[in-house]
K.L.:
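Below are the structure tokens for one structure; questions will follow.
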Amino acid sequence: ENDVGNKEEYQFSFTSAATASLKLVAERFPWSSLTFTTRVHPQIQMRSDTSSEMQCNLESIQFQSMLLYPNNVHTSVIGMRNIPLERGSTFHCVSIDELLKATPHWFRSLVDSTISYKTTTPKSH
């Protein structure tokens, strides 16, 4: 059954042109940027007074939504890039050939290239 008139399943928005439509999609998309912080293996450091001190480093991993588009798109798509950037996300422009030949490994490498890792040592009080 395909009931297009079912208000619970479909929403319609009429816009003036492609630019307004794409801007609406970009503004409504749930762009996100999440940071996860985890402890990494503790390190034991010897102090000059013959005691030892254990420090735990923290590793922060940042994940971001990504706008992925081919390099021969309508200029309205290029105009969408600011919205994800404003919301902590990123974008990538790739060739049509890359998209047509894309494998799960290719997508994973693209995602991995946008994930940032930071390791910090908490300051002692």
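We use all heavy atoms of the structure for the numbers below, so side chains are in, but hydrogens, waters and symmetry mates are not. We count residues from 1, following the sequence as given.
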K.L.:
Show your working on side-chain contact (heavy atoms from CB on, under 4.5 Å) between Val94 and Tyr69 and close with a plain yes or no.
P.N.:
CA-CA 6 Å; Val94 297; Tyr69 61 92; over 6 Å; no

K.L.:
Determine the minimum heavy-atom distance between Arg87 and Phe29, stating which atoms define it.
P.N.:
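For Arg87 and Phe29, the tightest heavy-atom pair comes out as NH1-O, 3.9 Å.
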
K.L.:
Can you confirm whether the side chains of Ser76 and His74 place a donor and an acceptor under 3.5 Å from each other?
P.N.:
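Side-chain D/A pair, Ser76 to His74: present.
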
K.L.:
So, taking the atom named CD in Glu98 and the one named OG1 in Thr103, what distance separates them when rounded to the nearest 0.5 Å?
P.N.:
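Rounded to the nearest 0.5 Å, the CD-OG1 separation comes to 11.0 Å.
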
K.L.:
For Pro70, run the side chain to side chain contact (heavy atoms under 4.5 Å, CB included) check against Asp97, Val77, Ile96, Leu100 and tell me which one passes.
P.N.:
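Per the side chain to side chain contact (heavy atoms under 4.5 Å, CB included) rule, the option paired with Pro70 is Ile96, out of Asp97, Val77, Ile96, Leu100.
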
K.L.:
If you round to the nearest 0.5 Å, how far is CG of Leu22 from CD1 of Ile78?
P.N.:
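Interatomic distance, Ile78 CD1 to Leu22 CG, rounded to 0.5 Å: 11.0 Å.
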
K.L.:
Would you compute the distance between atom CD1 of Ile83 and atom CZ of Arg28 and round it to the nearest 0.5 angstrom?
P.N.:
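Nearest 0.5 Å value for the CD1-CZ distance: 9.5 Å.
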
K.L.:
Would a distance-only check, ignoring hydrogens and angles, find a side-chain to backbone donor-acceptor pair under 3.5 Å from Arg81 to His92?
P.N.:
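Not confirmed, Arg81 side chain does not pair with His92 backbone.
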
K.L.:
Please confirm whether the backbone N or O of Leu85 pairs with a side-chain atom of Ser89, one donor and one acceptor, at under 3.5 Å?
P.N.:
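No, because the side chain of Ser89 does not come within donor-acceptor range (under 3.5 Å) of the backbone of Leu85.
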
K.L.:
Any idea which heavy atoms bring Trp106 and Ala102 closest together, and the distance?
P.N.:
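In this case the closest contact between Trp106 and Ala102 is CE3-CB, 3.5 Å.
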
K.L.:
How many angstroms lie between atom SG of Cys93 and atom CG of Asn71, to the nearest 0.5 angstrom?
P.N.:
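Output value for this atom pair is 4.5 Å.
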
K.L.:
Do Pro84 and Phe91 have side chains that get closer than 4.5 Å, going by heavy atoms?
P.N.:
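Not in contact.
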
K.L.:
Could you give me the CA-CA distance, side-chain angles and deciding distance for Leu67 and Thr90, then say whether side-chain contact (heavy atoms from CB on, under 4.5 Å) is met?
P.N.:
CA-CA 6 Å; Leu67 172 64; Thr90 187; over 6 Å; no

